[in-house]
Amino acid sequence: MPLSIYNTMTRRKEEFVPLSPPLATLYCCGPTVYNYAHIGNLRTYVFEDVLRRTLRFSGYEVRHVMNITDVGHMTSDADDGDDKMQTAAARENKTPWEIALFYEAAFFKDTDRLNIERPEVTPRATGHVAEMIGIIKRLEENGYTYVTSEGVYFDTSRDDEYGKLARLQLDKQRTSRDEVVSDETKRNPSDFVLWFLNKPSHIMKWESPWGTGYPGWHIECSAMSMKYLGDTFDIHCGGVDHIPVHHTNEIAQSECATHHPFVNYWMHGEFLLMNGGKLSKSKLTQQTDDQRPKISTLQTLIDAGYDPLAYRYFCFQAHYRSELNFSLEAMDAATSGLRRVYSLSPNSDPLSGDPTAYAAARERVLNAVYDDLGIPQAVGLLNSYGSFSLWCEFDAILGLDIAERVARQPDAIPEQVAQLVASRNEARKAKDWAKSDQIRNELIALGYEVGDGPTGTTVRSKAL
Ligand code: AMP
Ligand code: ZN
């Protein structure tokens, strides 16, 4: 069965056909590193990780790029307000560069704990300003830009296809009062900044043909994706909030600069909701205590006693294109569900010894995964089969460390090791130290650390 994915551009599920098989090229908008990632952000990165693992499972060689936004993302996606990095620097009395490095490291610590694989390339926006200037120059040559006191703008009225991803009706767009932009000199409400000018208090600044300034957020993703994946690549991902502005603008500026299609498949992850509402990264530091543990980051979940992989498993309860409500009750349910998986017995596998039944079960799970990443269905099927080996095979996609965690269960010590431990205990009782040492060496050779506890020999697999 081929892998099919839902393409936001066409609003249809389509068979995935990459440009240059076996290579599959994937770009995901990365974190803006001005604060810790909240668990909503992390849901999107779990979805993207499942996608990359699924692509690899189906035989592709994945080249995955995820940027680090360390400049130019304003407090509103439509370029209003202040640069988030600069605001955070003022809040924490640090330089924006220090803020960026600190929260980038915190981000990767979180993704590592969630078994989110690191993309092949993780470029920083501040390291790619020359490439951004290069694209803006091409847009200028092609007649798509104008300059005001605020910066270099992209003129959306010059692009007939502007808004095709979100199917925007430009005459109806952004007429509400709070969306009116501060820059009076802008020609059309949907025009956006490619390069900010005349911001003397901004700390991160670069020279450009238009004057000293800094890049807009949208141009960053065009520059870094095309640099590492080419003018046209296979899949671009992000959260649904990016459809109307950020991805719309990425498409406009990339296609008007290169005159090539930018991306073949657009995939968007739905939001994680907290108490039915949105989570906000900029408000993480303003939260106040109440009776219940306030969960907003992965660390707060861990501090409340949850396993990071239980959060990953919790994410599998909903399809990536559906909203998911976070609650501690749902986390408790995910924790028990995952514990049941970790207590599976490799020695009493209902599908072992029956290759036909195994192949049929595998086919059903695979069909669920290949149907636009039907992970909730796949997990439901895996739970109903209760087969250790089937779970382990699909763990290449699920990333739940199943084999390792099952082996870590106290009763998971292989029979041969248990017998050696018993013989060593007897040898020690009989003060046969030579034999005790010999068995100890045998256990070490089998990959165990051997200790002498109050009740006798203890063993721990070195693999864990
Ligand atoms: P940011 O670091 O704010 O640029 O966001 C990083 C990623 O998280 C982007 O792909 C966003 O679309 C996504 N995102 C933001 N809020 C949520 C949420 N509540 N649930 C899921 N994804 C989100
Ligand atoms: Zn982006």
Side-chain angles (χ1 to χ4, degrees), residues 8 26-51 65-77 81 83-85 87-88 99-100 103-104 106-108 110-111 114 116 119 122-125 128 132 135 165 192 215-229 233 235-254 262-263 266-284 295-298 311 314-315 318-326:
T8 310
L26 170 66
Y27 183 84
C28 300
C29 292
T32 309
V33 283
Y34 68 104
N35 207 335
Y36 295 104
H38 60 55
I39 53 174
N41 302 128
L42 294 171
R43 179 189 182 201
T44 291
Y45 297 108
V46 168
F47 141 61
E48 292 161 350
D49 182 59
V50 167
L51 171 65
V65 179
M66 184 198 70
N67 71 296
I68 304 289
T69 297
D70 53 1
V71 66
H73 192 168
M74 310 305 273
T75 40
S76 138
D77 284 359
D83 185 335
K84 293 183 179 191
M85 300 302 306
T87 313
I99 291 284
Y103 288 112
E104 180 188 312
F107 174 80
F108 283 121
D110 282 353
T111 55
L114 286 168
I116 294 173
T122 52
R124 295 186 184 124
H128 293 77
M132 297 173 209
I135 299 177
L165 178 71
F192 57 91
W217 170 43
H218 318 300
I219 196 74
E220 299 177 359
C221 283
S222 292
M224 289 181 270
S225 58
M226 293 197 289
K227 169 161 183 179
Y228 295 104
L229 301 175
F233 55 93
I235 309 177
H236 192 315
C237 294
V240 283
D241 54 326
H242 287 347
I243 299 171
V245 181
H246 182 52
H247 290 167
T248 287
N249 294 348
E250 275 188 45
I251 295 169
Q253 66 205 358
S254 306
F262 177 43
V263 167
W266 285 92
M267 294 179 77
H268 292 96
E270 253 300 348
F271 264 34
L272 178 83
L273 304 179
M274 179 93 64
N275 305 321
K278 269 181 138 186
L279 280 144
S280 167
K281 211 160 154 180
S282 52
K283 292 204 181 102
L284 285 184
I295 305 295
S296 47
T297 61
L298 187 66
Y311 179 70
F314 160 76
C315 291
H319 188 261
Y320 78 91
R321 284 195 290 119
S322 302
E323 288 179 342
L324 174 60
N325 267 306
F326 180 84

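Atoms within a ligand are numbered from 1 in the order they appear, just like the ligands themselves.
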Undergrad: Sequence neighbours excluded, which residues qualify as side-chain contact (heavy atoms from CB on, under 4.5 Å) partners of Cys237?
TA: Leu26, Cys28, Phe47, Glu48, Leu51, Ile235, Met267

Undergrad: Just wondering, more than 12 heavy atoms not from Arg321 lying within 6.0 Å of its CZ?
TA: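 Check passes, neighbour count above 12.
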
Undergrad: Between Glu250 and His236, does any side-chain donor sit less than 3.5 Å from a side-chain acceptor?
TA: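 Indeed, the side chains of Glu250 and His236 share at least one donor-acceptor pair under 3.5 Å.
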
Undergrad: Atom CZ in Phe314, atom CG in Leu272: separation rounded to 0.5 Å?
TA: 5.5 Å

Undergrad: I'd like to know if the Zn ion (ligand 2) has an N/O/S atom from His242 within less than 2.8 Å of it, counting both backbone and side-chain atoms.
TA: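 It does not: His242 brings no N, O or S atom closer than 2.8 Å to the Zn ion (ligand 2).
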
Undergrad: Evaluate the criterion side-chain hydrogen bond (donor to acceptor under 3.5 Å, both in side chains) for residue pair Asp70 and Tyr103; output intermediate values, then yes/no.
TA: CA-CA 10 Å; Asp70 53 1; Tyr103 288 112; over 6 Å; no

Undergrad: May I have the angle between Cys29 SG and Cys221 SG with its vertex at the Zn ion (ligand 2), rounded to 10°?
TA: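 Roughly 130°, rounded to 10°.
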
Undergrad: Within less than 2.8 Å of the Zn ion (ligand 2), any N, O or S from His246?
TA: yes

Undergrad: Among the N, O or S atoms of Glu250, which one sits nearest to the Zn ion (ligand 2)?
TA: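 The Glu250 atom nearest to the Zn ion (ligand 2), restricting to N, O or S, is OE2.
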
Undergrad: With a 4.5 Å cut-off on side-chain heavy atoms, are Pro31 and Ile68 touching?
TA: yes

Undergrad: Report yes or no: do Asn67 and Tyr27 form a side-chain donor-acceptor pair below 3.5 Å?
TA: yes

Undergrad: In terms of ring plane angle, is the pair His218 and Phe192 parallel, tilted or perpendicular, where the classes change at 30° and 60°?
TA: perpendicular

Undergrad: Could you go through ligand 1 and list every pair where one of its N or O atoms sits under 3.5 Å from a protein N or O, giving the atom names and the distance to one decimal?
TA:
residue, atom, partner, partner atom, Å
ligand 1, 2 (O), Thr32, N, 3.0
ligand 1, 2 (O), Lys281, NZ, 2.5
ligand 1, 4 (O), Thr32, OG1, 3.1
ligand 1, 5 (O), Asn41, ND2, 3.4
ligand 1, 8 (O), Asn41, ND2, 3.0
ligand 1, 10 (O), Gly239, N, 3.1
ligand 1, 12 (O), Gly239, N, 3.1
ligand 1, 12 (O), Asp241, OD1, 2.5
ligand 1, 12 (O), Asp241, OD2, 3.4
ligand 1, 19 (N), Leu272, O, 3.1
ligand 1, 20 (N), Gly40, O, 3.3
ligand 1, 20 (N), Leu272, N, 2.9
ligand 1, 22 (N), Gly40, O, 3.1
ligand 1, 22 (N), Thr44, OG1, 2.6

Undergrad: Is the Zn ion (ligand 2) less than 2.8 Å from an N/O/S atom of His218, whether that atom is in the backbone or a side chain?
TA: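 Short answer: no, not a single N, O or S atom is under the cut-off.
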
